[in-house]
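Below is the structure I would like to discuss, written out as C-alpha cells.
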Amino acid sequence: MLGFVSAHNPCNAISNLELRQIYKVLRDDLVLPSTTTLRNICRREYALTVDAIKKQLPSRNKVSLALDGWTSMNKMAIMSVIAYYMDRNWALHKVQLAFDEINLLFFSCFES
C-alpha cells in the first residue's frame with residue numbers, strides 16, 4: 001500500500017490487470033484491495049494525519065509559515081512547509097505541514 005501510494009499512482013490503477021499480476025509475481029500471498037477500498041484507506045489516513053497535525057498546533061496562537069527547500073544527495077528536489085510558534089514559556093515549536101518531492105523541470109523554465 002505504502003509503495004503504491006508513494007509512487008503517486010492513481011487509486012484506479014490498482015484495477016489494472018497487468019499491475020495486479022506484477023504484484024502477485026512479487027508476492028504470491030498478497031491480497032490487493034479494490035479501488036474503492038484503496039481510496040477509502042487513503043482518505044482515512046489523510047484525515048488521521050490532518051487531525052494529528054491540528055492537535056500539534058496551538059488553538060489560540062499565531063503561527064508563522066516557512067518554506068524549506070533543498071536537493072538531496074541523489075539529486076531529488078524536496079520542499080517542506082513548516083509552521084513555527086511560541087508557547088506560553090517562549091519555547092519555539094515547529095510542526096511540519098507538508099513534505100514532497102518537487103519537479104525541477106517546472107522551475108527550470110523560470111531560470112534566465
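Being a predicted model, the structure only gives us computed values, none of them experimental.
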Verify the cluster assignment for I22 and L30: are they in a single hydrophobic cluster under the rule of side-chain heavy atoms below 4.5 Å apart?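 Not linked; separate clusters.
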
Find the distance between OG (S15) and CZ (R20) and round it off to the nearest 0.5 Å.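 The OG atom of S15 sits 7.5 Å away from the CZ atom of R20.
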
Applying the side chain to side chain contact (heavy atoms under 4.5 Å, CB included) criterion to V95, which one of I53, V63, V81 satisfies it?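 Of I53, V63, V81, side chain to side chain contact (heavy atoms under 4.5 Å, CB included) with V95 is met by I53 alone.
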
Roughly how far apart are E18 CD and Y23 OH, rounded to 0.5 Å?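 Reported to 0.5 Å precision, the distance equals 13.5 Å.
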
Enter the distance from R43:CZ to L48:CG here, rounded to the nearest 0.5 Å.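 Those atoms lie 14.5 Å apart.
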
Spatial distance of atom NZ (K94) from atom OG (S80) [nearest 0.5 Å]: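 It is 8.5 Å, given to the nearest 0.5 Å.
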
So L26 and K24, do their side chains get closer than 4.5 Å, heavy atoms only?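 Contact flag for K24/L26 side chains = no.
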
Is a side-chain N or O of T49 found less than 3.5 angstrom from the main chain of E45, in a donor-acceptor match?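 Yes; at least one donor-acceptor contact below 3.5 Å.
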
W70 and F99 aromatic ring geometry - parallel, tilted or perpendicular at 30°/60° bounds: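 Aromatic pair F99/W70 classed tilted.
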
Is the shortest side-chain heavy-atom distance between D68 and M79 below 4.5 Å?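 Of all side-chain heavy-atom pairs linking M79 with D68, none is under 4.5 Å.
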
Rounded to the nearest 0.5 Å, how far apart are CG of L65 and CG of L97?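 The distance works out to 6.5 Å.
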
Assigning hydrophobic clusters by single linkage (Ile, Leu, Val, Met, Phe, Trp, Tyr; side-chain heavy-atom cutoff under 4.5 Å), is L57 placed with M86?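 Different hydrophobic clusters.
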
Is it the case that one hydrophobic cluster holds both M76 and M73, taking links as side-chain heavy atoms less than 4.5 Å apart, direct or via other members?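 No, M76 and M73 fall in different hydrophobic clusters.
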
Roughly how far, to the nearest 0.5 Å, is the CD1 atom of I14 from the CG atom of L19?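 CD1 of I14 is found 5.5 Å from CG of L19.
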
Could you tell me whether D28 atom CG has more than 12 heavy atoms of other residues or ligands within 6.0 Å of it?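 Result for CG/D28: open.
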
Donor-acceptor pair, D87 side chain versus N89 backbone, under 3.5 Å?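 Confirmed, D87 side chain pairs with N89 backbone.
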
